[in-house]
Amino acid sequence: MIRLYDSVDGEVRELNLRDPGRVSMYVCGPTVDNLPHLGHGRFTLVWDVARRWFTFRGLDVNYVSNITDIDDKIIARSLQEDRSTAEVVATYEALWWEAMDQLGVARPDEAPHATDYVPEMIELISAFLEDDIAYTISDGVYLDVSRVPDYGLLAGQPLESLRVGARVEAVEEKRSPLDFALWKNAKAGEPSWPAPFGDGRPGWHTECVVMSLGLLGDDFDLHCGGLDLKFPHHENERAQAVAAGRVFARHWSHNGLVMVGGEKMSKSLGNFTSLTNLAETSDPRAYRLLVLRSHYRSPVEVTTATIADAERALARLDAFARRFELAALAGDTLEVASRREWIGEGAALYEEVAAVLDDDLKTPLAVAMLFDALAAANTQADAGDATGAQNLAKAINALFGALGLSLHSKEDDVDSRSADLVTRRDAARGAKDWAQADRLRNELVTLGWIVEDSSTGTLIRRP
RNA sequence: GGCGGCGUGGCCGAGUGGUUAGGCAGGGGCCUGCAAAGCCCCGUACUCCGGUUCGAAUCCGGACGCCGCCUCCA
């Protein structure tokens with residue numbers, strides 16, 4: 001039984017699935033108008049972990065996450081870069097998937113593009129106009145939120161208090177400042193699609209409702225995204241579904257934001273670090289570990305210091321993997337618990353970790369338990385209980401793998417010159433010729449190796 | 001102004017009515033020819049003021065500070 005916080009109820013409750021054993025989840029994806037930043041990294045990591053965990057527990061997960069490929073920002077970028085919106089989209093979408101691969105975020109089962117769903121959006125908007133739920137003004141078509149029962153459900157506020165808080169009205173013709181654009185009339189030089197209510201392009205809130213319902217069907221299980229999308233984006237998605245008489249998401253879940261210097265990281269504040277830059281300056285697994293060590297709903301401060309902290313913790317995990325010769329897990333294939341062996345203390349560990357992860361994905365607790373288990377396995381091995389330690393180590397590896405974190409004990413390619421130096425050093429050490437052994441060690445260090453002595457002789461690895 | 005959330009040891013970051021979260025850093029020890037790496041051990045913290053309680057960092061009230069959303073944002 002999986003329990004998860006629901007953003008509408010404001011409490012943790014059992015994940016009540018439409019079809020038992022199957023999870024349909026929709027995660028609001030990026031607008032590809034710029035380099036993906038750490039905030040995007042967090043939401044993709046958080047929901048990747050959720051997906052992996054559900055799968056690990058034997059649920060059949062259908063994971064859909066969109067790519068927004070038409071939007072004001074994309075148009076602005078195409079003007080700025082003096083090339084077509086299609087080229088802008090191609091560039092930044094490629095960078096997006098590259099960043100996802102580097103983070104070890106598994107590809108969604110489906111990654112729909114907004115522009116592939118324009119006919120469906122037009123159909124929906126036409127129906128709204130027919131029912132007078134939407135209205136046309138000079139620059140486009142808007143949804144009349146007063147026609148939507150329970151508008152404000154996600155915001156946790158009634159329509160009236162939202163209206164009071166609404167900021168400067170951009171379009172005075174709107175009936176209410178809260179009414180939002182379903183369709184934006186085409187301007188010269190902008191991409192547009194023909195529609196009975198005028199050529200133009202879809203508003204942001206319309207694509208997600210069409211794609212989520214289209215691919216997952218009515219009453220799908222889980223709608224996820226960053227906390228900053230809760231209102232108005234998700235509110236407006238839901239408003240359209242309700243207005244169309246469709247049953248929308250059974251559960252809503254939102255991840256906390258990435259903070260930098262106490263402020264939210266965002267495109268609009270311009271205080272972002274790109275994932276591309278992160279991958280260049282650190283082991284991408286460090287960010288996953290950092291994300292796992294904070295609860296998904298909490299804000300997390302990401303700095304070079306906290307990333308470096310995670311990298312050092314990772315070094316310890318890697319050393320553990322080397323000691324127990326653990327297989328590298330957590331690739332593109334999602335792990336499933338039933339395919340692994342759980343023996344002795346490993347089985348007990350799995351029970352404990354599963355209990356906290358099933359309960360609102362308490363990854364920080366799970367990670368703490370895994371570190372405790374790591375120390376226990378080391379102690380057992382030191383005491384000579386190789387079998388017990390190995391069982392525990394395998395479980396630890398499998399559970400980190402379940403969360404998408406690979407403890408890789410990868411072998412570095414050793415060139416013949418280095419291999420020769422290793423052989424000669426072992427010979428020198430055998431002959432207790434310490435001066436020669438130290439000289440050979442220095443040579444290896446100069447070649448960029450970390451040199452370690454072991455019971456089987458000199459070991460070298462890359463930093 | 002409305003709604004939501006937060007304030008924990010040097011840093012990051014969990015959790016909880018009374019037993020050490022965990023990681024990193026730091027200290028000690030083991031191993032080692034010396035190193036390196038690794039392993040083991042060590043921290044008694046919870047913004048402030050009241051209250052409830054045998055007992056609160058954990059519950060309640062208040063204060064102060066901070067953050068998010070109400071505008072595009074993951």
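To find a chain, count down the sequence lines: A is the first, B the second, and so on, and within it residues start at 1. Note that the structure is predicted; figures quoted are calculated from it, not measured.
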Nearest to the A:H40 side chain among B:C24, B:G38, B:A74, which nucleotide is it? B:A74
Considering only side-chain heavy atoms of A:K73, which listed nucleotide, B:C72, B:A36, B:C39, is closest? B:C72
Check the distance between B:C31's C1' and A:R323's CZ and give it to me in whole angstrom. 11 Å
Heavy atoms under 4.0 Å, any strand shown: does A:S266 hit a base, just sugar-phosphate, or nothing? base
Taking the nucleotide of RNA chain B with the closest heavy atom to each, which residue, A:H205 or A:G156, is nearer the 5' end? A:G156
Value in whole Å for how far the C1' atom of B:C70 lies from CG of A:D228: 13 Å
Rounding to an integer number of angstrom, what distance separates B:G5 and B:A45 when you compare their C1' atoms? 22 Å
Under 3.5 Å donor-acceptor pair, A:R163 side-chain atoms to B:C70 base atoms: no
For every nucleotide of nucleotides 10-15 of chain B, 5' to 3': is a protein heavy atom under 4.0 Å from its base (B), only from its sugar-phosphate (S), or from neither (-)? --SSS-
Within the structure shown, what part of the strands sits under 4.0 Å from A:R461 by heavy-atom distance: base, sugar-phosphate, or nothing? sugar-phosphate
Looking at A:Y296 versus A:W47, is the centre-to-centre ring distance below 6.0 Å? yes
A:L257 has its side chain closest, among B:G68, B:A37, B:C70, to B:G68
From the set B:G33, B:A25, B:A36, return the single nucleotide nearest to any side-chain atom of A:I450. B:A36
Grab the CE-C1' distance between A:M369 and B:U20 for me, whole Å please. 15 Å
For A:F231 and B:G5, give me the distance from atom CZ to atom P, rounded to whole Å. 17 Å
Between B:A14 and B:C24, how far apart are the C1' atoms? Round to whole Å, please. 15 Å
Have a look at A:D453 and say if it touches a base, only the backbone sugar-phosphate, or nothing, with a 4.0 Å heavy-atom cut-off. base
Specify the residue among A:V451 and A:H233 whose closest nucleotide of RNA chain B lies further upstream toward the 5′ end. A:V451
For the rings on A:H254 and A:H234, is their centre-to-centre separation under 6.0 Å? yes
Between CG of A:L370 and P of B:A21 the distance, given in whole Å, is 18 Å
I'd like to know if A:R13 pairs up with A:D6 as an ion pair, taking the criterion as any Lys NZ or Arg NE/NH1/NH2 lying under 4.0 Å from an Asp or Glu carboxylate oxygen. yes
Contact check, side chains of A:W53 and A:D48, non-hydrogen atoms, under 4.5 Å: no
Under 4.0 angstrom, heavy atoms only, what part of the nucleic acid is A:G29 near: base, sugar-phosphate, or nothing? sugar-phosphate
Is the shortest side-chain N to carboxylate O distance from A:K264 to A:D228 below 4.0 Å? yes
Using Watson-Crick and G-U wobble pairs with both distances under 3.5 Å, what is the 5'-to-3' dot-bracket string of RNA chain B, with [ ] for crossing pairs and | for pairs outside the strand? (((((((..(((.....[...))).(((((.......)))))....(((((..]....))))))))))))....
Winner on side-chain proximity to A:R322, out of B:C67, B:A37, B:C40, is B:A37
Which whole number of Å gives the distance between the C1' atom of B:U52 and that of B:G18? 16 Å
Tell whether A:D438 reaches the base of B:G33 with its side chain through a donor-acceptor pair below 3.5 angstrom. yes
Starting from C1' on B:C6, measure out to CG on A:L227 and report it in whole angstrom. 12 Å
Using only side-chain N and O atoms of A:K230, determine if any of them is under 4.0 Å from OP1 or OP2 of B:G4. no
In whole angstrom, give the distance that lies between atom NE2 of A:H254 and atom P of B:C67. 22 Å
Looking across every strand, which nucleic acid part, if any, lies under 4.0 Å from A:R425 by heavy atom: base, sugar-phosphate, or nothing? base
Check A:N378, A:L407, A:N397, A:I396 against A:F324 for a side-chain contact (heavy atoms from CB on, under 4.5 Å) and give me the one that passes. A:N378
Give me the ring orientation class for A:H223 and A:W252: parallel if the planes are under 30° apart, tilted from 30 to 60°, perpendicular past 60°. parallel
Categorize A:V258 for me: base, sugar-phosphate, or nothing, with a 4.0 angstrom heavy-atom threshold over every strand shown. base
Determine the Euclidean distance between corresponding P atoms of B:C30 and B:A36; express it in Å to zero decimal places. 15 Å
Please give the distance between the P atoms of B:C12 and B:C3 as a whole number of Å. 31 Å
Could you work out the separation of B:G9 and B:G13 based on their P atoms and round it to a whole Å? 11 Å
Classify A:A375 by what it touches in the nucleic acid, base, sugar-phosphate, or nothing, heavy-atom distance under 4.0 Å. sugar-phosphate
Would you indicate what A:G225 reaches in the nucleic acid, counting non-hydrogen atoms under 4.0 angstrom: base, sugar-phosphate, or nothing? sugar-phosphate
B:C39 phosphate, OP1 or OP2, under 4.0 Å from A:R316 side-chain N/O: yes
Considering only atom P, compute the distance from B:A35 to B:U16 and round it to an integer number of Å. 46 Å
Can a donor-acceptor pair be found, under 3.5 Å and without considering hydrogens, that links the side chain of A:D360 to the backbone of A:Y5? yes
Considering only NZ, NE, NH1 and NH2 on the basic side and carboxylate oxygens on the acidic side, decide whether A:R3 and A:D359 come within less than 4.0 Å. yes
Between B:C69 and A:K264, is there an OP1 or OP2 to side-chain N/O distance shorter than 4.0 Å? yes
With centres under 5.5 Å and planes under 30°, do A:F371 and B:G22 count as stacked? no
Counting N and O atoms only, with roles assigned by atom type, does the side chain of A:E110 sit under 3.5 Å from a partner on the main chain of A:Y63, one being a donor and the other an acceptor? no
P atom, B:G29 versus B:G65: distance in rounded Å? 48 Å
Check whether any side-chain N or O of A:T379 sits under 3.5 Å from a backbone N or O of A:A375 as a donor-acceptor pair, and report yes or no. yes
By the definition side chain to side chain donor-acceptor pair (under 3.5 Å), identify the one residue from A:H113, A:E207, A:K73 that meets it with A:T68. A:E207
Quickly work out the A:D385 CG to B:C39 P distance and round it to whole Å. 18 Å
Distance-only side-chain donor-acceptor flag, A:S24 / A:N62, under 3.5 Å: no
Nearest to the side chain of A:D382, heavy atoms from C-beta on, is which of B:A74, B:C39, B:C70? B:C39
